[in-house]
Amino acid sequence: MGDVGDDFRAWDKAKKDRRLSNKYKSTLKLEEAGIDFNSNNGGLHLKVYIGDRVLDFWPSTGLIMEKGNEVGRGVGKILKLSKQQGSDT
């Protein structure tokens with residue numbers, strides 16, 4: 001039988017793998033949609049430009065903030081905001 005330490009290490013690795021996967025998939029979706037963004041910290045933090053709005057986006061966790069206030073979570077929310085704004089940039 002495994003011990004609690006082994007279980008924790010497995011869970012921690014799975015969590016890190018999921019965040020890494022989220023980072024790449026979310027960034028790819030933004031690129032495919034043609035949404036303008038700047039990458040910071042090796043892609044851990046993105047500045048997303050939708051019309052006159054500037055959003056801070058952390059693709060690994062999906063957190064979206066604007067001027068210090070949480071806007072929502074997930075790349076889908078950014079895609080939705082982009083469609084509402086009518087932005088193709």
Side-chain angles (χ1 to χ4, degrees):
M1 296 274 167
D3 70 343
V4 175
D6 290 338
D7 292 341
F8 176 78
R9 283 185 285 280
W11 172 79
D12 193 46
K13 182 178 178 345
K15 182 173 67 169
K16 287 178 183 178
D17 291 345
R18 183 180 69 243
R19 285 186 177 175
L20 185 63
S21 174
N22 288 349
K23 181 177 100 169
Y24 289 118
K25 288 179 181 178
S26 294
T27 304
L28 182 62
K29 285 183 180 182
L30 290 177
E31 289 173 349
E32 289 173 346
I35 296 175
D36 188 27
F37 66 90
N38 288 335
S39 177
N40 301 308
N41 284 344
L44 293 176
H45 173 236
L46 306 177
K47 288 276 191 184
V48 180
Y49 304 97
I50 300 175
D52 60 348
R53 297 175 77 176
V54 179
L55 304 174
D56 292 303
F57 178 54
W58 288 265
S60 60
T61 61
L63 179 63
I64 306 165
M65 296 189 80
E66 182 177 26
K67 297 179 183 174
N69 297 314
E70 187 171 340
V71 174
R73 287 193 177 265
V75 71
K77 177 78 173 182
I78 291 177
L79 297 175
K80 183 178 177 182
L81 290 172
S82 177
K83 285 181 182 177
Q84 289 174 350
Q85 197 76 14
S87 174
D88 293 332
T89 59

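What you see is a predicted model; the values in this text were computed from it and never measured.
At distances below 3.5 Å, at least one donor-acceptor pair connects side-chain atoms of Thr27 with backbone N or O atoms of Lys23.
For Ala33 against Leu79, the heavy-atom pair with the smallest separation is CB-CD2, 3.6 Å. When all heavy atoms of Pro59 and Gly43 are compared, the closest pair comes out as CG-O, 3.4 Å. Residues Phe57 and Gly74 come closest through the heavy atom pair CE1-C, 4.2 Å.
The closest side-chain heavy-atom distance from Trp11 to Asp7 is not below 4.5 Å. Between Ile64 and Val48 the shortest side-chain heavy-atom distance does not fall below 4.5 Å. By the 4.5 Å heavy-atom criterion applied to side chains, Asp56 and Lys47 are counted as neighbours. By the 4.5 Å heavy-atom criterion applied to side chains, Ile35 and Lys29 are not counted as neighbours.
In this structure, the separation between CZ on Phe8 and NZ on Lys15 is 6.5 Å, given to the nearest 0.5 Å. Here the CG atom belonging to Leu81 is positioned 7.5 Å from the CD1 atom belonging to Ile78, to the nearest 0.5 angstrom. In this structure, the separation between CE on Met65 and CZ on Arg73 is 9.5 Å, given to the nearest 0.5 Å. With rounding to the nearest 0.5 angstrom, the CD atom of Glu66 is 4.0 Å from the CZ atom of Arg53.
Between Asp12 and Arg9 there is no salt bridge, since none of the side-chain N atoms of the basic residue sits less than 4.0 Å from a carboxylate O of the acidic one.
Screening Asn40, Leu30, Asn38 for a side chain to side chain contact (heavy atoms under 4.5 Å, CB included) with Leu46, the sole residue that qualifies is Leu30.
Using a 4.5 Å cut-off between side-chain heavy atoms of Ile, Leu, Val, Met, Phe, Trp and Tyr, with links allowed through other members, Phe37 and Leu63 fall into different hydrophobic clusters. Follow the hydrophobic side-chain contacts under 4.5 Å out from Trp58 and you never reach Leu55; the two are in separate clusters.
By the side chain to side chain donor-acceptor pair (under 3.5 Å) test, Lys25 pairs with no residue at all, sequence neighbours left out.
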